[in-house]
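Let me begin by presenting the structure, written as structure tokens, before commenting on it.
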Number of protein chains: 2
Amino acid sequence: MTKKRVTLLDVAKHAGVSRATASLIVRGSPNITEKTRQKVLKSMRELGYVYDRVAANMRSQSPSTVGLIITDVANPFFSELLIGVHNALEETGLIEFLGTTFDSDAKQERLISTMLEHRVGGIILCPVSNTSPETIERIKNLDIPIVHAVRELPSIDCDYVGIDYTAGTQLATKHLIQKGHRRISFLGGSSSSSAWKERLEGYSKAFQHTGLEVDESLIVESSVTRQGGIDAVRKVLFQKNPPTATVCFNDLVALGVMQGLRDANLIPGEDMAIVGFDNVHEASLYNPPLTTVSSFARLIGSQAANLLQQRISDQSREQQRIILQPELVVRSST
Amino acid sequence: MTKKRVTLLDVAKHAGVSRATASLIVRGSPNITEKTRQKVLKSMRELGYVYDRVAANMRSQSPSTVGLIITDVANPFFSELLIGVHNALEETGLIEFLGTTFDSDAKQERLISTMLEHRVGGIILCPVSNTSPETIERIKNLDIPIVHAVRELPSIDCDYVGIDYTAGTQLATKHLIQKGHRRISFLGGSSSSSAWKERLEGYSKAFQHTGLEVDESLIVESSVTRQGGIDAVRKVLFQKNPPTATVCFNDLVALGVMQGLRDANLIPGEDMAIVGFDNVHEASLYNPPLTTVSSFARLIGSQAANLLQQRISDQSREQQRIILQPELVVRSST
DNA sequence: CTGAAAGCGCTTACAG
DNA sequence: CTGAAAGCGCTTACAG
């Protein structure tokens, strides 16, 4: 038994103006006398009018929504990114649909479809690590703006915002080497993602620059979760020549590594130095406070939102790649 | 230079059928011969047709979106709830707009407005703790379905899903009393929220049942974050008669409490027993693993989504309140 | 500022 | 199954 929706025409009649005038007012046109404006706004309040952006945008063919597809809401890196996107979008009147893939290609497929059917004006995509060729092909044929964030798909040309992972882990690894460590493991993440490859490259580079050799047995993949960190550290801890330090795929993994060490009665930061990646808000609250590489999640989010808006308003503009430079944040875990 | 959107009429022409037929097919009508169906589906693929749910729902006056308003994405409780909502909605073709209030009434206001203008079919609202009377009045006048979750607004009648907080903290407090504790603090949360009041009631009840008295100086409010926990535990730790155990507003606060203890060179679980609330996925990974009360976040989410759907399809149906019964999960922090 | 018409991409509700 | 018409709530693009 919903009441019938109040339309602009109802408002116009109530205020004694034309529908065209009322339409100009809701869109904030300047060339309407203040007096009529007030009169119409008053009618809107009295009738309880709610502007229908969906109808408006359908007619004007301008989008009112964008899609944001991330891998995991529970990962603080992504919740920060989400906030960055939201804040940047807030002022523009755009609203975002959120989708979470949990790194599943099938889910990513479905989310993209659903969002397209809902007429999003564009999509910010943090692609799953093993995005299938079919999905890539499909994305390519999409005639709607798309911005990639965090991870880049090698075969796709489009706007991208990410950080220089290679520089980041290089920074982290160098820091450990300077502290005197020689056996340094690299824990967590999946080798199929570009984000992993780039990080590993930084790790390797740091070794090369010091003339040291990388020991492959110290490189362990895992899921990008706390549990993944626990699992990964176990695999290196019981080798005959265990590492004295570790670079982690991200802070979440680092947290797991700390846990895994404690489970083995070792003290994180003392028995093994640990560097994370992301500088998650809570990294300073870890025990011990975590040395990590800041990846500016919120900034990535707001930059991606900005790129998307620009792309929406001008499809033909030049492609942009924004690569943020990471910073090492030294705390007591190293 | 976007290509023109392919419409149902384009598809119909291409397949040599009428628009009405094509429309029946996208909506999955059964009384179409398989042969024409295949023919039309083929045309859709060839033309790259994307169904426009926005237009469809506008015409049929049935909603395709719902709003979900939570307090904090970074809180694992809410990210679980979010997943619950998403999963339940996925099958129905509804898609959700996510809004985060950070417990600000102004933000909540703005989010509700934006969602209404985007024609959501309903809203799942986890209201901010100090929701203003104006907002409440406005929500009342809303003629769209709304379901409250997690927190209840006392002056509003509507569908609600939450858990029995009173029973939860009572369980937690009783457990500590049975373990021999007498000085038990209650840390975190804001006394203006119903969720806090109910929890405190459970805490008090447990004392009453054992003939013990509550010491008001052991009840400390804080923000519902890890930092809040650190701050709160400090305030009780340096009293002349500090508590030997604590019930925390939630797991996030409990994590902060552990940290605060360590900062004071105390061992969580040994020098002070700790019970959390929520049974966040990571609670079992805390150090020490956290005794906590399970609040079934994901289930709350899916139940809220179900209630909302039912309410959308039948506005006049009887109001529902679903109160889940919490369970104590004992681990080594107590 | 007004007024009347057309259109965004669909569905509805017919008669055939 | 077809075909033509009307409508969801707006905006567009006029002539006045």
Side-chain angles (χ1 to χ4, degrees), chain A residues 2-41 43-44 47-65 93 116-121 143-144, chain B residues 2-41 43-44 47-65 93 116-121 143-144:
Chain A
T2 20
K3 304 166 214 158
K4 216 170 150 18
R5 194 174 179 108
V6 178
T7 74
L8 250 196
L9 191 55
D10 298 330
V11 171
K13 277 182 187 157
H14 184 272
V17 300
S18 74
R19 169 158 62 172
T21 308
S23 175
L24 286 170
I25 288 169
V26 288
R27 282 176 289 153
S29 162
N31 38 8
I32 298 278
T33 58
E34 191 54 26
K35 201 180 140 201
T36 18
R37 240 176 64 78
Q38 288 308 333
K39 192 171 60 181
V40 173
L41 290 179
S43 293
M44 289 184 176
L47 296 177
Y49 173 71
V50 175
Y51 184 46
D52 188 335
R53 286 191 193 282
V54 175
N57 291 305
M58 170 158 167
R59 177 60 184 94
S60 63
Q61 296 286 75
S62 64
S64 70
T65 59
L116 289 178
E117 295 190 350
H118 281 276
R119 267 176 164 276
V120 292
D143 55 341
I144 71 153
Chain B
T2 20
K3 304 165 217 160
K4 217 170 148 22
R5 195 175 178 108
V6 177
T7 74
L8 250 195
L9 191 55
D10 298 330
V11 171
K13 277 182 187 158
H14 184 271
V17 302
S18 74
R19 171 162 56 176
T21 309
S23 174
L24 286 170
I25 290 169
V26 288
R27 282 177 287 154
S29 162
N31 37 9
I32 299 278
T33 58
E34 191 54 25
K35 203 180 138 201
T36 18
R37 237 176 66 77
Q38 289 307 332
K39 193 171 58 180
V40 173
L41 290 178
S43 293
M44 289 185 178
L47 297 176
Y49 173 72
V50 176
Y51 184 45
D52 188 334
R53 286 192 193 280
V54 175
N57 291 306
M58 170 158 167
R59 178 61 184 93
S60 64
Q61 297 285 75
S62 65
S64 70
T65 59
L116 289 179
E117 295 190 350
H118 282 275
R119 266 178 164 277
V120 291
D143 55 341
I144 70 154

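Residue numbering restarts at 1 for every chain, and letters A, B, ... go by the order of the sequence lines. Below, each value reflects all heavy atoms present in this structure, side chains not excepted, and no hydrogens, waters or symmetry copies. Since this is a predicted model, take the numbers as computed values, not measurements.
Under the 4.5 Å side-chain criterion, counting only non-hydrogen atoms from C-beta, A:Arg5 is in contact with A:Asp52. Here the side chains of A:Met44 and A:Val26 are in contact, with some heavy-atom distance below 4.5 Å.
Between D:dC10 and A:Arg27, no contact under 4.0 Å exists linking OP1 or OP2 to a side-chain N or O. Applying the 4.0 Å criterion to OP1 and OP2 of C:dC1, one finds that A:Thr33 has a side-chain N or O inside that range. For A:Gln61 and C:dG9, the shortest distance from a side-chain N or O to OP1 or OP2 is below 4.0 Å. The phosphate of D:dC10 (OP1 or OP2) has no side-chain N or O of A:Ser23 nearer than 4.0 angstrom. Contact between the side-chain N/O atoms of B:Thr7 and the OP1/OP2 oxygens of C:dC8 is not found at any separation under 4.0 Å. Dashed line: the shortest gap from a side-chain N or O of A:Ser60 to OP1 or OP2 of D:dT11 is not under 4.0 Å.
For the atom pair A:Thr65 OG1 and B:His118 NE2, the distance stands at 7.5 Å (nearest 0.5 Å). Atom CG of B:Leu41 and atom CD1 of B:Ile25 lie 6.5 Å apart (nearest 0.5 Å). Expressed to the nearest 0.5 Å, how far CG of A:Leu47 lies from CG of A:Leu8 amounts to 11.0 Å.
The separation between B:Asp10 atom CG and C:dC8 atom C1' is 13 Å, rounded to whole Å. Across the protein-nucleic acid pair, B:Lys35 atom NZ and D:dC1 atom C1' stand 13 Å apart, rounded to whole Å. Atom pair B:Leu9:CG and C:dC8:P shows a separation of 10 Å (rounding to whole Å applied). Taking atom CZ of B:Arg19 as the reference point, atom P of D:dA6 lies 13 Å away to the nearest angstrom. Between the P atom of D:dC8 and the CZ atom of B:Arg119 lies a distance of 11 Å, rounded to the nearest Å. Atom pair B:His118:NE2 and D:dC10:P shows a separation of 13 Å (rounding to whole Å applied). One can place CZ of A:Arg5 at 7 Å from P of D:dC10, the figure rounded to the nearest angstrom. What separates CG of B:Leu24 from C1' of D:dG3 is a distance of 13 Å, to the nearest Å.
The two residues A:Gly121 and A:Pro63 have their closest heavy-atom pair at CA-CB, 3.2 Å. The minimum heavy-atom distance linking A:Ile32 with A:Ser29 is given by the pair CG1-O, 4.1 Å.
The residue among B:Arg59 and B:Thr21 whose nearest nucleotide of DNA chain D is located toward the 5' end is B:Thr21. Looking at which nucleotide of DNA chain D each of B:Met58 and B:Gly16 is closest to, the 5′-most match is held by B:Gly16. Sequence order on DNA chain C of the closest nucleotides to B:Ala20 and B:Asp52 puts B:Asp52 first from the 5' end.
Across all strands shown, B:Arg37 has no heavy atoms under 4.0 Å from either base or sugar-phosphate atoms. No engagement by A:Val54 is indicated, since no non-hydrogen atom pair under 4.0 Å with the nucleic acid exists. Using a 4.0 Å heavy-atom cutoff across all strands shown, B:Ile32 reaches sugar-phosphate atoms only and no base atom.
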Which atom pairs link the protein and nucleotides 14-16 of chain C when you take only N or O atoms and keep those under 3.5 Å?
none

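Listed nucleotides C:dT11, C:dT2, D:dT11 differ in distance to B:Ala56; the shortest reach to its side chain belongs to C:dT11.
Summarising the local packing, NZ of A:Lys39 is surrounded by more than 12 heavy atoms from other residues, nucleotides or ligands at distances under 6.0 Å.
Under the Watson-Crick and G-U wobble criteria, each requiring two contacts below 3.5 Å, nucleotide C:dA13 is left unpaired.
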